[in-house]
Amino acid sequence: MKECGAVNICLKSPQRGLQRGTGVKKWHLLHTALTRLQGSFAVAWALFWRHVASEMEKDKKTKQVKREKREAGSGGGTPGRVSKKVKSRGVKKSQGGDETYGEKEVKQEQVESSEFQVDDAARLQLGSKEEPADEDFVQEKRGKKRKRQKEDESGKGTSCSSEKAAAVKKKKRTDISAEAKTDKKKNEGKLKMPKKEESEKSVTKKKTKEEIEAARTLKRKLKEEEEQQRWRWWEEEKYEAGIKWKFLEHKGPYFPPEYNPLPENLNFYYNGEKLKLGLRAEEVALYFAQMLDHEYTTREVFRNNFFKDWRKEMTLEERMLITDLEKCDFGEYHNFHKQKVEERKNRTKEEKQVLKEANQKITDEYGFCMLDHHRERIGNFKIEPPGLFRGRGDHPKQGLLKKRIRPEDVIINCSKESHVPEPPAGHQWKEVRHDNTVTWLASWTDNVQGATKYVMLNANSKLKGEKDWEKYEVARQLKSRVDGIRAQYKDDLKSKQMGTRQRAVALYFIDKLALRAGNEKEEGETADTVGCCSLRVEHIMLHDSLDGEKCVVEFDFLGKDCIRYYNKVPVTKRVFKNLKLFMENKQPGDDLFDRLNTGMLNKHLSSLMPGLTAKVFRTYNASITLQQQLKELSNALLNQAEKLLSYNRANRAVAILCNHQRAPPKSFEQSMANLQAKIEGRKEQLTLAKAELKKAKKEAKGNSDTKLQFVVEKKKKAMQRCEEQLLKMEVQATDREENKEIALSTSKLNYLDPRISVAWCKNMEVQLDKIYNKTQRDKFAWAIHMTEKDFEF
DNA sequence: GCCGGAACTTAGGATGCTTAGC
DNA sequence: GCTAAGCATCCTAAGTTCCGGC
């Protein structure tokens, strides 16, 4: 679908998947670094990421200043939304009907339409040969970055206190374990065994090794048996539409233990005065005390919500007395909790084993069900315990009390002819139903959000697997239809109907940037996050020209889970012009797509292809990116480690595309510093080894003494070993750095057709367990069994 | 056609367990 | 044998989509 004379952004800056998320140049850089990987990639890669990180920081500051200016310009006040979503938006969105454009404008835009190009194949070519790699490293000054909102706030105190709390926590933990260590050493001194006993011990050790080997063999056998017993549902005929099962039997959910009152000697203090709380108030106070090390408890909203709900649990007397959270001292409760945590950590092997067995017993009893005469694992058979609601980001309900769920709140779903689970003694179920058109086993309503929670099957079950398979099949269907669909929305960009144009631009973003659909949300009920259809004017900035690119859209918004999406993307002139139009006469808080919602969008999509929704584009683009990246990055001549690295890089490209971020591990800086120190040490060793080799060579020169030649060989080997180890460490450091803020597992589990990975493993002769762990292999058993080498997504 | 709720998938953080390296 | 780091699993919040009722 290339068009003559087109200024094809995709061809200019190929590599579709990689482009998205962080912008074209960054992906040129990425490619450059990837290419260098074949040689000494480590340095290039580390430099690249360090560079990006520093640019992110710079850009963040610029962005903040800009935003403040914008806010001041739009009348100041809250940076948030101006318009209320949902009800008010309904009126706003349909206001005045759909506008039409004049013929003249349409004609003029038709001329520009040739600029529009979306070509997967072209975009997926990694990198551009036109731009020298080194230049890219220099050019990437303004950085295409993406950072967590959380981090933006890090300088504002709250996370500081959390860090402080964590540091204190860590120190105390270290102190306690140091004490334990000392005690242990003392005991060891006292209990030192006589030599005879020691030798007996070594015999025991030997036996243990044999036992270990036997256990391994047993494990292997069990694995084989398990494999044989696996229900190959994918080889069976499907039930008629809507029917999920024909027989379902289970034991009902497992309830958390009742509250165990605190010891009498523990006190709560109000305004410095000792106060004995009633059981209800004490329990809820403990929930708060348990979280004192967490940043949550420093947030005003969290504190206010907690206090409001806590007071509801108090007796009249308590309520009269306790009126200010600031005057509450939960210190003793908090210390008690910490002590319990420590005790848990310091359990002996035996204690741990007893506990493990007890848990296993619970799992065996409640963790499985019989579905159509097959034993299936339940995903979440435990009822959520009570506690304080941990809504993410600026959730208005964070801190509210999540109440204890009783059997009287729970609806059970099972077969009529099955043995209905017994409710716990003295209780009864809210309802028992026999609905085989749904997949859940039990459900209840959550008191905080009013949402229904479900007990469902594990990801490796038939019900989940079948749906997963179906999902990827729909995405594969899109592959053959996508050109037509793109042509259609390209045409729609010049429609006379405003709604149609908005739909086309939204689709362009969903397709090109893998944005989520973006449902409307009720204000005040959840954190202020958006997706494509719910974008507001304040979430984008238009640049006629930026960083040498024309028509650049700068996105900055909080998406699902309050993860920040930040990206600067060059778009076609037509998209750019439409965006300008959509933003005319609007306030920052107004909807960008005021004549569009996810319902309308999905309705349109399903008319283009059965089963097509906005979400399918994400699955399709993620999977196709993986497939193309694997083709690009790996070949059969690489060694195992290199092959795996290429797989991880392909996976990483998808994670970046889908904006799957994670908070850097708490110990990241320390662990990197440790690794760097090791690398330095190893470098010194290498220098020494080289010098020794040189010396040995000198001594052996002209001397036929075999001993001296042997020494040379020995030194040579030592040096090589040193080099290998150094390289390994550098690779590790690079990999760790790359993964610092990227979560790979989400895309692997939810977006990447497993058949692509299975086929890749077969073609590359890589063992599947190198890319999928046990759980993942279980989940994707259907794909593992049905995929051949020649599978194409 | 809109709305709200039900049903399901997707998501990152917390926690516990295992393994590598000293 | 110990410790730190990495990995797996658990947990549950937060999305998307579908569907029935008005």
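Proteins come first, then strands; the chains are lettered A, B, ... in the order of their sequence lines, and each starts at number 1.
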At 4.0 Å (heavy atoms only), tell me whether [X] reaches a base, stays on the sugar-phosphate, or touches nothing.
X        : result
A/Ala614 : sugar-phosphate
A/Lys397 : nothing
A/Thr439 : sugar-phosphate
A/Tyr454 : base
A/Lys402 : sugar-phosphate
A/Gly531 : nothing
A/Arg516 : sugar-phosphate

Problem set entry | Residue mapping more 5' on DNA chain C - nearest nucleotide basis, A/Cys532 or A/Pro385 | A/Pro385
For this session: Could you pick out which residue, A/Thr526 or A/Asn458, lies toward the 5' side of DNA chain C when each is mapped onto its nearest nucleotide?
Result: A/Asn458
Problem set entry | Inter-residue atom distance A/Trp245.CH2 - A/Leu441.CG, 0.5 Å rounding | 8.5 Å
Problem set entry | ring-ring contact (aromatic ring centres under 6.0 Å, His included) between A/Tyr296 and A/Phe302, intermediate numbers included | CA-CA 6 Å; A/Tyr296 267 120; A/Phe302 188 94; 5.3 Å; yes
For this session: Give a yes/no on whether any side-chain N or O of A/Lys603 is located under 4.0 angstrom from OP1 or OP2 of B/dG1.
Result: yes
Exercise. Taking only N and O in the side chain of A/His395, is any of them less than 4.0 Å away from OP1 or OP2 of C/dA14?
Worked result: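 Yes, A/His395 has a side-chain N/O under 4.0 Å of OP1/OP2 on C/dA14.
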Exercise. Which of these passes salt bridge (charged side-chain N to carboxylate O under 4.0 Å, His left out) with A/Asp528: A/Arg392, A/Arg536, A/Lys521?
Worked result: A/Arg536
Problem set entry | Worked check of ring-ring contact (aromatic ring centres under 6.0 Å, His included) between A/Phe389 and A/His395 | CA-CA 10 Å; A/Phe389 178 67; A/His395 201 297; 5.0 Å; yes
Mind calculating the distance between [atom1] ([X]) and [atom2] ([N]) to the nearest angstrom?
X        : N      : atom1 : atom2 : answer
A/Lys615 : C/dA14 : NZ    : P     : 19 Å
A/Arg390 : B/dG12 : CZ    : P     : 18 Å
A/Asn436 : B/dA7  : CG    : P     : 13 Å

Exercise. Below 3.5 Å, does any donor atom in the side chain of A/Lys560 face an acceptor in the base of B/dT10, or the other way round?
Worked result: yes
For this session: Please name the pair of heavy atoms, one in A/Ala506 and one in A/Cys532, separated by the smallest distance, quoted to 0.1 Å.
Result: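 Smallest interatomic distance, heavy atoms only, reads O-SG, 3.5 Å.
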Exercise. Closer to the 5' end of DNA chain B via nearest nucleotide, is it A/Thr437 or A/Met600?
Worked result: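 The 5'-side residue here is A/Met600.
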